[in-house]
Amino acid sequence: MSTDPNAHFKPTLLSLDDAVQRVLTRVQAPLPGRLEAVSTFDALRRVVAEDVHSLIDVPPADNSAMDGYALRAVDVAAAGTVLPVSQRIPAGSIGEPLQPGTAARIFTGAQIPAGADAVVMQEQCEAVEGGVRINTTVQAGLSIRRRGEDVQRESVVLRAGMRLSPQALGMAAAVGAATVKVGPRPRVALFSTGDELAMPGEALKPGAIYNSNRYTLRGLIESLGGICEDFGIVPDRLDATRETLKRAAEGNDLIVTCGGVSVGEEDHLKPAVEREGRLDLWQIAIKPGKPLAFGEVFRADGSPTWFIGLPGNPVSSFITFLFAVRPVLLKLQGGTDLTPKPIAMRADFAWPRADKRREFLRVRRNGQGGLDLFANQGSGVLTSTVWADGLVDNPGGTTIAVGDTVRYLPFAELLG
């Protein structure tokens, strides 16, 4: 804990990757005591804490891939063969062993009767007096889904560390998992500082602005699995800021703020964090979103609550959250896939003004398979984040010409 809040602080210029690695090295994965078993119905977007093993073979038995007729391939000497129909097998029923020289009417998903080795779809069959005409040649194995061809009993179907998508929930259900053990939802305290901030619905006084970051950041926290405790807008006073930090630290895993971490006379967040814990203030080589603060605020029992301070401009805080806070939230849940995967796409725009810093450009896919650029890339233009469906991750010092291949990061990947 710093004893001199007025000591000189010289920020260090870091790459984004280095800064995120420093943060993730400090933040621990969830303790075993915080893992919980939840109903598979309620596990959407939760992070799997233990591998999920199949309790059964999927399918559990050979079954029909379509509506048609189950038979023995050797009984169909040629197209046009007529076989008597000996039984009818709907899904959920177990048929009798198939007698040689006969066919069984069968429906999609129904178990193949003993003795049958093929299913002919009903469109290639014709009901006739005394049976069914098979209007095609037949090979053994036709239209049969084999036992365990999708999943074999005891195999791993979901790996620890993955976030559960809707299709992953279906997979868990398909192998008989009524519950899934998952990591905890991180508890995140959120507050803003600034006497200039007002809430929507209030009249704007001269010099005031509406607090859009409060809404954006809360939505980001919740979309990534966090439980947000909103402490609102804190007055620009050191005592109020320190008191809010102390309250936010109790019962939360992480404190997220935006703006106010500077050296101005009205920027009280930096000295407040230093008095209540520890703070590193970095300048990150990205645009937008240069400043980033990381540290910890001590609870009454001496244990730490992690602290991340984001820049105040709306786009800067949005983008810095995606690349600095997102991996922390995932790791606190036990996630292992923390780095978004870019997609190579064609730029249908030019970016001739290379910046020394790594840039994140707001773009949108077009109907021609390329990317369009939002005209105004300013750090305060929140409209660009609503118009866009993703970002171009552009290395520092790099220009872009029309037709160049760029690294595209869809918001669906960053927020899914």
Side-chain angles (χ1 to χ4, degrees), residues 1 16 19-31 33-36 45-47 49 161 163 182-193 213-234 241-261 269-270 272-274 276-282 284 289 291-312 316-336 338 414-415:
M1 181 181 297
L16 175 62
V20 171
Q21 186 57 44
R22 289 191 185 190
V23 172
L24 292 177
T25 298
R26 297 288 304 276
V27 174
Q28 293 90 18
L31 297 173
R34 290 191 62 186
L35 306 182
E36 57 180 323
R45 302 304 181 196
R46 301 295 294 271
V47 175
R163 287 187 84 200
V182 296
R185 294 184 63 189
R187 297 183 295 267
V188 184
L190 174 67
F191 67 87
S192 309
T193 62
N213 285 341
R214 183 176 181 183
Y215 289 80
T216 302
L217 295 177
R218 180 178 181 137
L220 288 168
I221 290 166
E222 293 179 344
S223 70
L224 288 163
I227 300 172
C228 185
E229 184 177 4
D230 191 337
F231 285 82
I233 301 171
V234 178
T241 306
R242 290 185 65 184
E243 178 60 29
T244 303
L245 283 171
K246 287 189 286 188
R247 290 191 295 116
E250 299 298 330
N252 286 299
D253 303 296
L254 174 67
I255 300 171
V256 175
T257 66
C258 58
V261 184
L269 196 51
K270 175 181 175 291
V273 175
E274 290 177 325
E276 300 300 331
R278 183 196 61 80
L279 181 70
D280 291 325
L281 181 59
W282 302 320
I284 311 300
L292 176 69
F294 172 70
E296 53 198 28
V297 177
F298 299 130
R299 306 184 184 107
D301 62 4
S303 60
T305 294
W306 305 109
F307 171 86
I308 299 180
L310 304 177
S316 298
S317 65
F318 173 70
I319 288 179
T320 308
F321 185 103
L322 292 179
F323 294 100
V325 182
R326 174 184 178 272
V328 172
L329 289 178
L330 294 179
K331 185 172 183 180
L332 288 171
Q333 297 171 76
T336 55
L338 307 181
L414 294 167
L415 299 175

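A distance-only check finds no donor-acceptor pair linking the side chain of Thr320 to the backbone of Ser317 [under 3.5 Å]. Side chain of Arg326 to backbone of Leu338: a donor-acceptor contact under 3.5 angstrom is found. Put simply, the side chain of Arg163 never gets that close to the backbone of Arg46: no donor and acceptor are under 3.5 Å apart. Without hydrogens or angle criteria, Ser303 side chain to Arg299 main chain gives no donor-acceptor distance under 3.5 Å. At least one donor-acceptor pair closer than 3.5 Å links the side chain of Asp253 to the backbone N or O of Arg187.
Annotation: the span from Lys331 atom NZ to Thr25 atom OG1 amounts to 6.5 Å, rounded to 0.5 Å.
Nearest approach of Gly309 to Thr257, heavy atoms of both residues: CA-OG1, 3.5 Å. Nearest heavy atoms, Thr305 versus Leu254: CG2-N, 3.7 Å. Minimum interatomic distance between Gly183 and Glu36 (heavy atoms only, all atoms of both residues): O-OE2, 4.5 Å. Between Leu332 and Pro184 the shortest heavy-atom distance is O-CG, 3.9 Å. Scanning both residues, Leu415 and Leu220, for their nearest heavy atoms gives CD2-CD2, 3.4 Å. Between Ile284 and Gly289, the closest heavy-atom pair is CB-O, 4.5 Å.
Under the salt bridge (charged side-chain N to carboxylate O under 4.0 Å, His left out) criterion, Glu250 pairs with no residue at all, not counting sequence neighbours. Evaluation of the salt bridge (charged side-chain N to carboxylate O under 4.0 Å, His left out) rule for Glu296 yields Arg26, Arg278 as partners, not counting sequence neighbours. With sequence neighbours left out, the salt bridge (charged side-chain N to carboxylate O under 4.0 Å, His left out) criterion links Arg214 to Asp230.
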| Run the side-chain contact (heavy atoms from CB on, under 4.5 Å) check on Asn213 and Phe321 step by step: do they pass? | CA-CA 11 Å; Asn213 285 341; Phe321 185 103; over 6 Å; no

| task | Begin with the C-alpha distance, continue with both residues' side-chain angles, and end with the deciding distance and a verdict on side-chain contact (heavy atoms from CB on, under 4.5 Å) for Phe318 and Leu310. | result | CA-CA 9 Å; Phe318 173 70; Leu310 304 177; over 6 Å; no

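Between Arg22 and Phe294 the shortest side-chain heavy-atom distance does not fall below 4.5 Å.
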